[in-house]
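One structure is given here, and the rest of the page talks about it.
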Amino acid sequence: MGSRQQNRIVTLDEFIIKNQKSHDDATGSLTRLLRDIGIASKIVNREVNKAGLVNILGDADSGNASGDQVQKLDLFANRVMIECLENSGECAGVASEEDEKWIKLKTIKTRSADYVVVMDPLDGSSNIDVNVSVGTIFGIYKKLTKSKSGIKETDFFQKGHKMVAAGYVLYGTSTILVYTTGDGVNGFTLDPSIGEFCLSHKNIKMPDFGIYYSVNQGYYQKFDLEVRRYIDNCNDENYRLRYIGSMVSDVHRSLFKGGIFMYPNTRKYPHGKLRLLYECNPMAMIVEQAGGLAVDCKLNRILDVEVTEIHQRSTIAIGSKKMVEDFMDHVKKYSA
Ligand code: P6P
């Protein structure tokens with residue numbers, strides 16, 4: 001293929017459509033759904049990028065389902081994502097970190113909405129007003145409920161390995177959308193000059209190993225022995241500690257440079273802090289598709305953990321295959 005052809009811009013839309021054929025989704029409904037998530041991400045990106053300029057910061061007076069103080073940008077991102085998902089006509093319902101309960105979306109009469117979406121519309125939002133990257137995380141399931149309109153809680157209570165797609169958007173020095181539909185991981189960087197996500201990282205493969213470990217070292221004394229022994233091992237091996245406090249950023253770095261991200265149980269979060277449905281599962285699907293591993297601190301594969309609540313928490317160790325395997329060896333060796 002000529003070099004000109006190789007450097008041709010491939011937009012997210014074009015890529016999604018081209019890859020639609022490799023799925024049983026011949027109707028194009030997953031394609032439309034993914035494209036609408038891309039549109040929502042561009043709108044969120046615009047506001048995130050000017051957050052420091054526009055009075056959109058400051059704590060909104062409401063807390064979210066997790067009881068965290070919610071920044072207005074969280075609410076904005078949640079609203080935009082839900083509106084775009086509703087416009088797609090392909091999404092029957094949404095479970096979001098920002099809403100206590102799952103939401104049934106209005107569907108278009110002429111078409112059945114076959115999917116439900118789980119999402120954290122703006123993860124790491126406590127970093128927004130200090131200009132540290134934040135992200136959107138999403139996962140897509142085929143709904144189980146057969147009826148044309150209704151959905152039930154059980155449509156959301158599917159194990160992570162049942163997802164048909166998962167992705168994240170990282171609003172950082174540049175804005176990148178990374179997603180998988182189960183046959184590899186691809187990254188698209190937003191080109192603001194044309195307002196398009198353009199293919200920038202084809203078929204991402206996570207390094208089997210890396211020199212970074214990512215955990216909130218401030219909780220070291222609160223971790224179980226086996227986690228502390230693994231962290232000691234990272235120190236003995238002179239790995240570098242990198243911890244941004246935004247899961248999307250920490251996992252994204254590991255995806256490209258290799259590394260392991262952990263959020264173990266602590267006294268404050270005996271089941272871990274991160275949410276299984278819309279944080280751990282989508283990131284686990286992406287990392288596994290790129291050749292990495294994702295387990296909880298009891299060594300269960302994240303994508304196989306039973307989902308019983310929308311805001312269920314989970315511990316997690318996710319990243320380069322050899323590093324997660326090393327973590328698992330330490331858990332087996334030192335756990336009571
Ligand atoms: P801690 C952000 O609030 C978040 O949900 C994740 O993005 C991040 O990895 C984690 O919490 C940081 O939590 O307790 O280390 O501040």
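Under a 4.0 Å N-O distance rule, the pair Arg229/Asp232 qualifies as a salt bridge.
For CG of Asp236, the number of neighbouring non-hydrogen atoms (other residues, nucleotides, ligands) closer than 6.0 Å is greater than 12. Annotation: Lys322, atom NZ; neighbour count of heavy atoms from other residues, nucleotides and ligands within 6.0 Å does not exceed 12.
Of all the heavy atoms in Gly172 and Ser133, the pair that sits closest is CA-CB, 3.8 Å. In terms of heavy atoms, Asn281 sits closest to Leu277 at CB-O, 3.9 Å.
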Practice problem: Using the side-chain contact (heavy atoms from CB on, under 4.5 Å) rule, take Ile37 and Tyr179 through it: C-alpha gap first, then chi angles, then the decisive distance, then the call. | Solution: CA-CA 11 Å; Ile37 290 174; Tyr179 87 97; over 6 Å; no

Quiz prompt | Trace of the side-chain contact (heavy atoms from CB on, under 4.5 Å) decision for Thr189 with His201 | solution = CA-CA 8 Å; Thr189 300; His201 299 82; 4.1 Å; yes

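Checked by atom type and distance alone, the side chain of Ser200 pairs as donor or acceptor with a backbone atom of Gly187 at under 3.5 Å. With hydrogens and angles disregarded, a donor-acceptor distance shorter than 3.5 Å links the side chain of His161 to the backbone of Leu303.
Using modelled atom types and a 3.5 Å distance limit, the side chains of Asp183 and Thr181 yield a donor-acceptor pair. Under the 3.5 Å distance criterion, with hydrogens and angles disregarded, a donor-acceptor pair is assigned to the side chains of Asn265 and Asp224. Between the side chains of Ser246 and Asn127, not a single donor N or O lies within less than 3.5 Å of an accepting N or O.
When each of Lys42, Arg35, Arg32 is paired with Asp13, the salt bridge (charged side-chain N to carboxylate O under 4.0 Å, His left out) condition holds for Arg35 and for no other.
Between Phe223 and Tyr219, the ring planes are perpendicular. Angles over 60° get that label, and only those under 30° would be called parallel.
Tyr243 and Val132 sit in two unconnected hydrophobic clusters of ILVMFWY residues. Membership requires side-chain heavy atoms under 4.5 Å apart, directly or through other members.
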Compile the donor-acceptor pairs under 3.5 Å between side chains in residues 202-216 and protein atoms, sequence neighbours left out, one pair per line.
unit_1	atom_1	unit_2	atom_2	d
Tyr213	OH	Gln217	OE1	3.0
Tyr213	OH	Asn235	ND2	2.8
Ser214	OG	Arg242	O	2.7
Ser214	OG	Asp250	OD1	3.3
Ser214	OG	Arg253	NH2	3.3
Asn216	OD1	Gly218	N	2.9

